[in-house]
Chemist: 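Okay, handing you the structure first.
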Number of protein chains: 2
Amino acid sequence: MNAESTARHRARRGEGERLRGEILAAAQALLIETADTSAVSIRAIADRVGVTPPSIYRHFADKDALMMAVCSQVFAQLDEAMEKAAAGAEDPFDELCRKGHAYVAFGMAHPEHYRLVFMIKHTLTKPRTLDPSELPGTEAFQHLQDTVRRAFDVRTPGVEVPDEFATTCALWTALHGITSARISLPDFPWPPLDDQLALFVAPWRGLLEPHPVATSKPHGKSAKSKR
Amino acid sequence: MNAESTARHRARRGEGERLRGEILAAAQALLIETADTSAVSIRAIADRVGVTPPSIYRHFADKDALMMAVCSQVFAQLDEAMEKAAAGAEDPFDELCRKGHAYVAFGMAHPEHYRLVFMIKHTLTKPRTLDPSELPGTEAFQHLQDTVRRAFDVRTPGVEVPDEFATTCALWTALHGITSARISLPDFPWPPLDDQLALFVAPWRGLLEPHPVATSKPHGKSAKSKR
DNA sequence: TGTACATCAGTGAACGCGCGTTCACTGATGTAC
DNA sequence: TGTACATCAGTGAACGCGCGTTCACTGATGTAC
């Protein structure tokens, strides 16, 4: 009778996947609109799709599986955003800066998704999470590590290089700190985001390029450190 | 009849505060034992104390107020731990290192308390949190900023100093990143904590002491950077 | 010293709520003959 | 082309649960006379 009933058509035989997609989309929308993980219940999602709660179980084993699927979907977008941001980079260091910025921006644009993946305890003792590498966001981490490797590669040869993985962890942890702090305490009088990012990222240039060799574009302020 | 009934005595006229203390202690214990915020319900706390749920409302307006009190109590301990760790410091930079270490150690020792205060959204639109400075952990932050100020004070005079508050934020954010990441993803193959802390804190010495003036104790590795 | 009374810490029972999940089912869609 | 049947996407009703919170109360403790 109403718009709802005309909008929803029962899926054809082979089209079982259609509802699956609609469920994921509805969960995403609710997560964004309510900005409250606890508001995204099986019932609320079903309501949004225009379907009854049990029909969700035809497409997802349980709520955890659904939420995992939601996260995977969003973190594919994170990886995409970071790769896109890195596309026009001049050098690996610039790439790190751009990726860092994209990371924080993404987290702040999807705070509840971010919370779901990185701010809630994930333990391997839960049988659900079989493989730590199956955690959403793994591609993005891998690609970040690739950039770190590339940054190491352009360094002056012969100079000792810190552990690649540990460096990526440190970098990621810094980005995570900025992102999660702002998500949790949005009313704290944070300094401007760009300033804070700069404070974190600047030392990395020093770490990666101790000898000012490939620095093609001094960004104005570098003169100061020369006295 | 049982140990419970002999342990609990009804408070005397003026001793209403006694149950209040027991409730807080029980909440703390539950938070630590279960490591699960959602397991700490009014009912569970009452059970633990050996009292019925309604009697909690004689001492706390509602659950939020109770949890806030729990956090305040623990974060007084955080401040204490950081101040204690800083006590034997040689110089302000050493003090920053020690406080940083104490901060992360505290967070990892009280993951659920940490989550409650720093990993859950606190918005001022909630009438509950009237004043951001009333958020637990404020003293610790203030004291950290004091140390930053002291560190700035011992710098070579005449050298431009970054904003004190912004610097404290950056430092705190780094510590928060390390702490919250390890709490949320305990099974991730993190590099050793000390290595990661060193990676973060080292650049700050450079920031704070660009001229190697007061560096009394080169820690062996400094020779490397001199070639 | 003894009794009537006020205080108030803690109780017992119940409220309404929303949750995840289950079960047997319905009925439109597609297929075989 | 027409009919009987199998499939399976989605339904309706209900389950048991634990939650925060309320209400009128009980009965030990202390006080006034």
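All figures in this text were calculated on a predicted structure; none of them were measured in a lab. Chain letters run A, B, ... following the sequence lines, proteins first and then strands; every chain starts at 1.
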Chemist: Side-chain N or O of B:Ser55 versus OP1/OP2 of C:dA9: is the shortest distance under 4.0 Å?
Modeler: no
Chemist: Which dot-bracket string fits DNA chain C when only Watson-Crick or G-U wobble pairs with both atom distances under 3.5 Å count, crossing pairs get [ ], and | stands for a partner on a different strand?
Modeler: .||||||||||||||||||||||||||||||||
Chemist: For the side chain of A:Val51, starting at C-beta, report the closest nucleotide among C:dT11, C:dT21, D:dG10.
Modeler: D:dG10
Chemist: Measure the distance from CZ on B:Phe60 to P on D:dG20 and round it to the nearest whole Å.
Modeler: 14 Å
Chemist: State whether the number of non-hydrogen atoms from other residues, nucleotides or ligands found under 6.0 Å of B:His101 atom NE2 is greater than 12.
Modeler: no
Chemist: Could you check which of C:dG10, C:dG20, C:dT22 has an atom nearest any side-chain atom of A:Lys63?
Modeler: C:dG20
Chemist: State plainly whether the residues A:Glu22 and A:Arg18 are in salt-bridge range, i.e. N to O under 4.0 Å.
Modeler: yes
Chemist: Which listed nucleotide (D:dG20, D:dG10, C:dC19) is nearest to the side chain of A:Arg43?
Modeler: C:dC19
Chemist: So if I take every side-chain heavy atom of B:His59 and compare against C:dT21, C:dG10, D:dG10, which nucleotide ends up nearest?
Modeler: C:dG10
Chemist: With a 4.5 Å limit on heavy-atom distance, are the side chains of A:Asp62 and A:Ile42 in contact?
Modeler: no
Chemist: If I take atom CD in residue B:Glu22 and atom C1' in nucleotide C:dG10, what distance separates them, rounded to the nearest angstrom?
Modeler: 12 Å
Chemist: Centroid separation under 6.0 Å, is that true for the rings of B:Tyr103 and B:Phe141?
Modeler: no
Chemist: Is it the case that the side chains of A:Gln28 and A:His113 hold a donor-acceptor pair, with the cut-off being a distance below 3.5 Å and no angle test?
Modeler: yes
Chemist: In whole angstrom, give the distance that lies between atom CZ of B:Arg20 and atom P of C:dG10.
Modeler: 14 Å
Chemist: Rounded to whole Å, please give me the gap between CD1 in A:Ile45 and P in C:dG18.
Modeler: 16 Å
Chemist: Could you tell me how far apart B:Asp47 (CG) and D:dG20 (C1') are, to the nearest whole angstrom?
Modeler: 15 Å
Chemist: Could you walk me through whether A:Arg115 and A:Glu112 satisfy the salt bridge (charged side-chain N to carboxylate O under 4.0 Å, His left out) test, starting with their C-alpha distance in whole Å, then the side-chain angles of each, then the deciding distance to 0.1 Å, before giving a yes or no?
Modeler: CA-CA 5 Å; A:Arg115 177 187 308 287; A:Glu112 291 307 316; 3.3 Å; yes
Chemist: Given atom CG of B:Leu66 and atom P of D:dC19, what is their separation to the nearest angstrom?
Modeler: 14 Å
Chemist: Using the ring of each side chain (for Trp, its six-membered ring), is A:Phe188 parallel, tilted or perpendicular to B:Phe165, with breaks at 30° and 60°?
Modeler: parallel
Chemist: Please state how far atom OH in B:Tyr57 lies from atom P in C:dG12, giving the value in whole angstrom units.
Modeler: 18 Å
Chemist: Nearest-Å distance, CG (B:Leu19) to P (C:dG10)?
Modeler: 5 Å
Chemist: Would you indicate what B:Ser41 reaches in the nucleic acid, counting non-hydrogen atoms under 4.0 angstrom: base, sugar-phosphate, or nothing?
Modeler: sugar-phosphate
Chemist: Relative to the 5' end of DNA chain C, which residue comes earlier, A:Arg58 or A:Ser38, by the nucleotide with the nearest heavy atom?
Modeler: A:Ser38
